[in-house]
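This report refers to the structure that appears directly beneath it.
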Amino acid sequence: EAEVAQSPRYKITEKSQAVAFWCDPISGHATLYWYRQILGQGPELLVQFQDESVVDDSQLPKDRFSAERLKGVDSTLKIQPAELGDSAMYLCASSGGDLGNTEAFFGQGTRLTVV
Amino acid sequence: AQSVAQPEDQVNVAEGNPLTVKCTYSVSGNPYLFWYVQYPNRGLQFLLKYITGDNLVKGSYGFEAEFNKSQTSFHLKKPSALVSDSALYFCAVRASGSARQLTFGSGTQLTVLP
């Protein structure tokens, strides 16, 4: 069964350091999402790609966060510099089709701890 | 702006009893509605969705959900709960149309007591 791959699973970093997360969506899925989930809360969308284009990054803290999906396949989310408040689970998801009626499939997530 | 409300942070139910996890939504236009389940330190797993048609949709693991347009609700149900159903459940909404944001509720922790 096809899956969304994310790495690393866990990351501990010191504040002010740079950190990057990688996501490989299900093959053929044009839409890719990055979500942040604080423990005990629902996922919050950071950025949404349609192929290689950003279609929504309204909630992405652009002073420190960046995301790219250069070839419209895999994606990288970067934080520089990391802050204590960035500690959370970072989830990547993908969906196929272009009508919005298909479900998103999630990866296992990257648990980030900033110390 | 679209939103999802899950009014109960915690739902407890005895094994074998029916369960309901509540969800209401707000969105412009026709909604696409989804339920996901999350186990500790894992990603979200898709359970079921409402796109159009029959208001009662059936999904994985015996779960079903009823879409009620007048009440803007999409409650998750199961006739007989299992201990293994204990997990965190999320409702999500997307406005119909392409490239629209998928917005999640805050989640409901379901605990099924043996």
Side-chain angles (χ1 to χ4, degrees), chain A residues 1-7 9-10 21 23 25-26 29-51 53-60 88-113, chain B residues 1-10 21 23 25 27-53 57 59-60 63 65 67 74 87-109:
Chain A
E1 182 177 307
E3 294 183 343
V4 175
Q6 286 189 250
S7 65
R9 283 294 310 276
Y10 302 92
F21 315 128
C23 172
I26 292 173
H29 279 190
T31 306
L32 185 146
Y33 313 81
W34 282 102
Y35 283 88
R36 177 171 60 187
Q37 184 181 22
I38 295 170
L39 191 63
Q41 298 183 18
E44 295 178 287
L45 181 70
L46 292 173
V47 61
Q48 179 176 337
F49 290 91
Q50 188 72 20
D51 297 309
S53 301
V54 173
V55 297
D56 190 337
D57 63 356
S58 57
Q59 298 179 82
L60 186 72
M89 176 79 89
Y90 290 82
L91 295 166
C92 180
S94 69
S95 63
D98 59 359
L99 298 178
N101 58 359
T102 55
E103 59 271 26
F105 293 86
F106 282 79
Q108 300 278 45
T110 296
R111 169 74 66 188
L112 174 67
T113 302
Chain B
Q2 61 192 46
S3 64
V4 175
Q6 293 184 240
E8 301 158 318
D9 291 336
Q10 175 84 37
V21 182
C23 169
Y25 66 89
V27 69
S28 297
N30 294 321
Y32 295 151
L33 294 156
F34 305 83
W35 275 103
Y36 286 83
V37 61
Q38 187 178 33
Y39 297 96
N41 288 313
R42 304 292 292 271
L44 279 67
Q45 290 178 238
F46 168 74
L47 280 179
L48 50 79
K49 65 182 178 183
Y50 171 82
I51 302 302
T52 188
V57 293
S60 306
F63 284 93
F67 171 63
F74 189 56
L88 190 55
Y89 290 81
F90 291 98
C91 181
V93 68
R94 180 193 282 135
S96 60
S98 62
R100 302 296 178 93
Q101 185 178 130
L102 181 62
T103 300
F104 284 85
S106 57
T108 298
Q109 179 66 49

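Reminder, nothing fancy here: chain letters follow the sequence lines and each chain counts from 1.
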Open item on the list: Looking at every heavy atom in both A/L91 and B/G43, which two are closest together, and how far apart are they?
Closed with: CD2-CA, 4.0 Å
Open item on the list: Given heavy-atom pairs under 4.5 angstrom as the criterion, report whether the side chain, backbone, both or neither of A/Y33 touches chain B.
Closed with: side chain
Open item on the list: Heavy-atom cut-off 4.5 Å, strictly under: side chain, backbone, both or neither for B/Y50 against chain A?
Closed with: neither
Open item on the list: Quick check on B/E8: does its CD atom have over 12 non-hydrogen neighbours (other residues, nucleotides or ligands) under 6.0 Å away?
Closed with: yes
TODO: Go through the atoms of B/I51 and report whether side chain, backbone, both or neither lie under 4.5 Å from a heavy atom of chain A.
DONE: side chain
- [ ] Could you have a look at A/Q108, A/E44, A/R9 and say which one has the most heavy-atom pairs with chain B under 4.5 angstrom?
- [x] A/Q108
- [ ] Using a cut-off of 6.0 Å, state whether more than 12 heavy atoms not belonging to B/R42 lie near its atom CZ.
- [x] no
- [ ] Under 4.5 Å heavy-atom distance to chain A, tell me which part of B/Q38 shows up: side chain, backbone, both or neither.
- [x] side chain
Task: Straight-line distance of B/L102 CG to A/L45 CG, nearest 0.5 Å - done: 8.0 Å
Task: Side chain, backbone, both or neither of A/Q41 within contact of chain B (heavy atoms, under 4.5 Å) - done: backbone
Open item on the list: Can you tell me how far apart OH (B/Y36) and CZ (A/F106) are? Round to the nearest 0.5 Å.
Closed with: 5.5 Å
TODO: Please look at A/A104 and chain B and tell me whether the side chain, the backbone, both or neither of the residue comes under 4.5 angstrom of a heavy atom of that chain.
DONE: both
- [ ] Identify which of A/S95, A/P43, A/G109 forms the greatest number of heavy-atom pairs closer than 4.5 Å to chain B.
- [x] A/P43
- [ ] Measure distances from A/Q59 to the heavy atoms of chain B and classify the residue's part below 4.5 Å as side chain, backbone, both or neither.
- [x] side chain
Task: Over all atoms of both residues, closest heavy-atom pair of B/F90 and A/G42 - done: CE2-CA, 3.3 Å
Task: Whether B/R94 side chain and A/E103 backbone form a donor-acceptor pair below 3.5 Å - done: no
Task: Nearest non-hydrogen partners of A/D56 and B/Q101, listed with the distance - done: OD2-NE2, 2.7 Å
